[in-house]
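Have a look at the structure below, then the notes.
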Amino acid sequence: MIKTDRMSGRVLSGAERAPHRSLFRALGFTDEEMKRPLIGVASAFSEIVPGHMHLNAVAQAVKDGIYMAGGKPVLFPVIGVCDGIAMGHSGMRYSLPSRELIADSIETMAAAHCFDALVLVPNCDKIVPAMLMAAARLNLPSIVVSGGPMLAGERRGERLSLSSVFEAVGAYRSGLIGEEALGDIERDACPTCGSCSGMFTANSMNCLCEAVGMALPFNGSAPAVSSERIRFARESGVKIMELLDKDIRPRDILTRQAFTNALTVDMALGCSSNTVLHLQAIARETETELPLTLINEVSARTPNLCRLSPAGGHYMEDLHRVGGVPAVMKELARINLLDIGLPSVMGCVRDHFSSAPKPDGDVIRSADAPYAPSGGLAALFGNLAPAGCIVKRSAVAPEMLRQTLTARVFDSEEQACEAIFAGDIHPGDMVVIRYEGALGGPGMREMLSPTSALAGMGLDKDVALLTDGRFSGATRGAALGHVQPEAQEGGPIALLRDGDKIELDIPGGTVSVLTDEAEWKRREAPPPPEKPLTGWLKRYREQLER
């Protein structure tokens, strides 16, 4: 007998649903399967994203687990943009907006077809937060099962990642390496499927899925190519049936305290600056606000325990080898920085790390001897960013934490890259890239190309970058992003001119222009660059403007 109190009862129960059942029979459903809970499996498999090329196998393992535990899995597809392939050209404008499309499409599929629960199978960048946004919005029992990180590459004893290739372009353009070396790095940097191997945005978000309570332990670190990843997927398929039986829903888990836990783990791991954008978006789906001031509050009390690439020489496989996110959480709990009694897909937060090892002292340091006494991210404020901006402090060279720099102003990423590659940027400059925000871009493009070019040229310890766009998690150096208000909205960044002196004080939490106040008040922002838009980007900007 089909249970009428399930969501799926709306399409499977009663005489009036005979036409619906007929369509399920057309799908091959048996009478027995129509009695089972209907579990949606949202898979972002595609053949264009290296982090997603293996998700069919992961999703199949999830389906096996669901079936083993008495559910009926139903797979449906989700789009995904590869940020690396979209980087440095107009395609990157679609990356952040795709987050909204993904969340909307999952909501559409789940609500239209009356799924009882969801298993979300993402891996890269925007896809992870988009799926969590949908889960929070729908509030059906849900769990995240990522595809896992790529293994690090290697060339002549040096470990590599995708960021190594971007930086190698800068080294090549400045004559530091030749074409043969560039080609070798290109061939060796990305050796397997999976999300890129450092603590970039995808791996950051997959780790934070554990920290916020929406994924099983090792979601963020078990390598994509490991059999452990398949076992993990099956276990998650079984777990969703338990969550459904106990009626544990995303909004039971995704509370203000859970987001604070996630931010705490974020600071300890040294995650991507993009996590701020994404955690705020997920929180909004639960009607929770995460102000930028909270970032600094959490950072001030949280030691930075890890320095994974691009901040250091360790990679995701190293983190996994020494205990992964559970080991980090256990150390944070030891010094009373986590609320360990909160609900999670494991039961409660303490269950995520009960068997985790102590810090190894290298990949994960103890809180008594951290890499830094405060967290990996910082929010900065000042007359250039009245509503704030974000910097990955753990990836900034010590000599760049406090500097007075000279503005070099560009109205697009392309203009800035042209100047960088032409050798027109010098020590002591601050590259300013404006009109690349959510509205101005539109789409808030990532700036990995210019930051990596500067790093490859050896300028990451001498030059800073400020933008109303954002940065890849692979970016290192004094890179200040998400400047608010953005130039398109008339923010102060629109008033900057070449030669302005900018005071950067990351420990003090400020970034300010030193131009005479009377002169500053006289300035008028130039009209924004015209960018004729059509299709989805046009609608995206119109939505933001409303």
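- For M400, the side-chain contact (heavy atoms from CB on, under 4.5 Å) test picks out V396, Q403, L405, A464, A478, with sequence neighbours left out.
- Residue pairs meeting the ring pair (Phe, Tyr, Trp, His ring centres under 6.0 Å) criterion with at least one member in residues 169-218, sequence neighbours excluded: F218-H320.
- Remark: the backbone N or O of A268 is not paired with any side-chain donor or acceptor of T302 at under 3.5 angstrom.
- Every salt bridge (charged side-chain N to carboxylate O under 4.0 Å, His left out) that R321 has, sequence neighbours left out, goes to D318.
- Here side-chain hydrogen bond (donor to acceptor under 3.5 Å, both in side chains) pairs that include residues 273-283, with residues two or more places apart or in two chains, are R99-H278, T201-N274, D266-T275, N274-E446, N274-R470.
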Checking side-chain contact (heavy atoms from CB on, under 4.5 Å) for the pair L537/R93: CA distance, chi angles, key distance, verdict? CA-CA 8 Å; L537 287 182; R93 292 194 173 96; 4.0 Å; yes
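- Among the candidates S98, S146, P122, the single residue satisfying the side chain to side chain contact (heavy atoms under 4.5 Å, CB included) test with I127 is P122.
- Residue pairs meeting the ring pair (Phe, Tyr, Trp, His ring centres under 6.0 Å) criterion with at least one partner in residues 409-454, sequence neighbours excluded, do not occur; the list is empty.
- Qualifying salt bridge (charged side-chain N to carboxylate O under 4.0 Å, His left out) partners for E167, counting only residues two or more places apart in sequence or in other chains: R476.
- Looking only at distances, a side-chain donor or acceptor of S226 sits under 3.5 Å from a matching main-chain atom of P223.
- Taking 4.5 Å as the limit, some side-chain heavy atom of L496 sits within range of a side-chain heavy atom of I502.
- Not counting sequence neighbours, the partners of E317 by the salt bridge (charged side-chain N to carboxylate O under 4.0 Å, His left out) test are R159.
- Applying the side chain to side chain donor-acceptor pair (under 3.5 Å) criterion to D498, with sequence neighbours excluded, gives no partner residue.
- D468 and R434 are not joined by a salt bridge, as no carboxylate oxygen comes within less than 4.0 angstrom of a charged side-chain nitrogen.
- Scanning all heavy atoms of the two residues, the minimum distance from G443 to L96 falls at O-CB, 3.4 Å.
- N56 is linked by a side chain to side chain donor-acceptor pair (under 3.5 Å) to nothing, counting only residues two or more places apart in sequence or in another chain.
- Residues satisfying the side-chain contact (heavy atoms from CB on, under 4.5 Å) criterion with S412, sequence neighbours excluded, are E414, Q415, E436.
- Under a 3.5 Å cut-off, the side chain of N123 and the backbone N or O of G147 do form a donor-acceptor pair.
- Applying the side chain to side chain donor-acceptor pair (under 3.5 Å) rule to S366 yields no partners; only residues at least two apart in sequence or on another chain are considered.
- Checked against side chain to side chain donor-acceptor pair (under 3.5 Å), E413 has no partners two or more places apart in sequence or in another chain.
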